[in-house]
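Let me begin by presenting the structure, written as structure tokens, before commenting on it.
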Amino acid sequence: MHVHHILIVDDDQDIREVLAEFLTAEGHCSSPATNGVDALAQLHAGLRPCLILLDLLMPRMTGWQFAEHLASSATLAEIPYLVLSAERPQMRDHERFSRSPRLTKPVHLTELMDAIDVGCAAVAAG
């Protein structure tokens, strides 16, 4: 099994910790980010995860704003992200996040792991 590195972007510390523990138990590693600004700083410093778990409602920089920054960056646009949020999608958001899978909190961990495996496999194959 290949070890994947996942960037967890969520302002809720408990969620970051539970996701990190789950990923470790599944044989993967992770890095936490408290918001989009923190996540972009890590990415610009050279972090290259195979997937980003992205909350939408965060202070300083929302998930929507973060995704727009990713899309506009030549060096970061190829990093896939999985929207993981309690926020229900609006029609206006559908097009913005159409390239990204979306799971709603609370999430079943089996469903989450399946989505992570698919996202990371796509990067490995690409």
Side-chain angles (χ1 to χ4, degrees):
M1 181 173 97
H2 186 266
V3 175
H4 299 300
H5 193 113
I6 314 296
L7 177 60
I8 303 168
V9 186
D10 199 304
D11 61 319
D12 187 313
Q13 180 177 347
D14 291 337
I15 290 174
R16 287 192 312 272
E17 289 175 1
V18 166
L19 289 173
E21 288 175 18
F22 171 70
L23 290 168
T24 298
E26 292 292 321
H28 304 300
C29 57
S30 64
S31 297
T34 58
N35 57 51
V37 173
D38 183 16
L40 281 176
Q42 291 183 52
L43 294 170
H44 286 302
L47 178 67
R48 289 300 178 265
C50 72
L51 184 71
I52 299 169
L53 297 180
L54 180 62
D55 187 22
L56 293 179
L57 300 179
M58 297 177 290
R60 296 190 68 202
M61 179 184 288
T62 66
W64 292 287
Q65 294 165 329
F66 175 80
E68 289 171 1
H69 278 275
L70 278 185
S72 67
S73 170
T75 58
L76 304 177
E78 296 304 314
I79 301 172
Y81 59 90
L82 168 64
V83 174
L84 180 61
S85 182
E87 173 73 2
R88 301 281 182 204
Q90 304 294 319
M91 282 306 286
R92 64 180 164 74
D93 299 325
H94 181 68
E95 285 184 30
R96 295 164 95 181
F97 293 101
S98 62
R99 77 172 185 96
S100 173
R102 182 187 186 99
L103 296 175
T104 303
K105 293 177 191 172
V107 64
H108 293 283
L109 295 180
T110 303
E111 183 182 12
L112 176 60
M113 199 64 240
D114 289 346
I116 288 170
D117 287 343
V118 168
C120 290
V123 169

Original post:
Ser72 side chain to Glu68 main-chain N or O, any donor-acceptor pair under 3.5 Å?
Top reply: yes
**OP:** Report the residues that fulfil side-chain hydrogen bond (donor to acceptor under 3.5 Å, both in side chains) with Ser31, sequence neighbours left out, ordered by chain and then residue number.
**Re:** His5
**OP:** Show your reasoning for whether side chain to side chain contact (heavy atoms under 4.5 Å, CB included) applies to Arg48 and Leu76.
**Re:** CA-CA 9 Å; Arg48 289 300 178 265; Leu76 304 177; 3.5 Å; yes
Give me the atom names and distance for the closest heavy-atom approach of [X] to [Y].
| X | Y | value |
| --- | --- | --- |
| Pro49 | Ile79 | O-CG2, 3.8 Å |
| Thr62 | Met58 | CG2-O, 3.8 Å |
| His28 | Met113 | NE2-CE, 3.3 Å |
| Ala77 | Ala71 | CB-O, 3.9 Å |
| Ile6 | Cys50 | CD1-SG, 3.8 Å |

Measuring only between side-chain heavy atoms, which start at C-beta, is [X] closer than 4.5 Å to [Y]?
| X | Y | value |
| --- | --- | --- |
| Leu53 | Arg16 | no |
| Asp10 | Leu84 | no |
| Leu112 | Phe22 | yes |

Original post:
Can you list the steps and then say if Lys105 with Ile15 is a side chain to side chain contact (heavy atoms under 4.5 Å, CB included)?
Top reply: CA-CA 10 Å; Lys105 293 177 191 172; Ile15 290 174; 3.6 Å; yes
Subject >> Contacts of type side-chain contact (heavy atoms from CB on, under 4.5 Å), residue Asp114, not counting sequence neighbours >> reply: Thr110
**OP:** Identify whether the distance between the nearest side-chain nitrogen and carboxylate oxygen of Arg60 and Asp11 falls below 4.0 Å.
**Re:** no
Original post:
Are Val18 and Leu7 linked, directly or through other ILVMFWY residues, by side chains that come within less than 4.5 angstrom of each other?
Top reply: no
Original post:
How far does CG of Leu51 sit from CG of Leu23, to the nearest 0.5 angstrom?
Top reply: 9.5 Å
Review item, side-chain donor-acceptor pairs of residues 33-46, under 3.5 Å, at least two apart:
| from | atom 1 | to | atom 2 | distance (Å) |
| --- | --- | --- | --- | --- |
| Asn35 | OD1 | Val37 | N | 2.9 |
| Asn35 | OD1 | Asp38 | N | 2.9 |
| Asp38 | OD1 | Gln42 | NE2 | 3.4 |
| Asp38 | OD2 | Thr34 | N | 2.9 |
| Gln42 | NE2 | Pro32 | O | 2.8 |

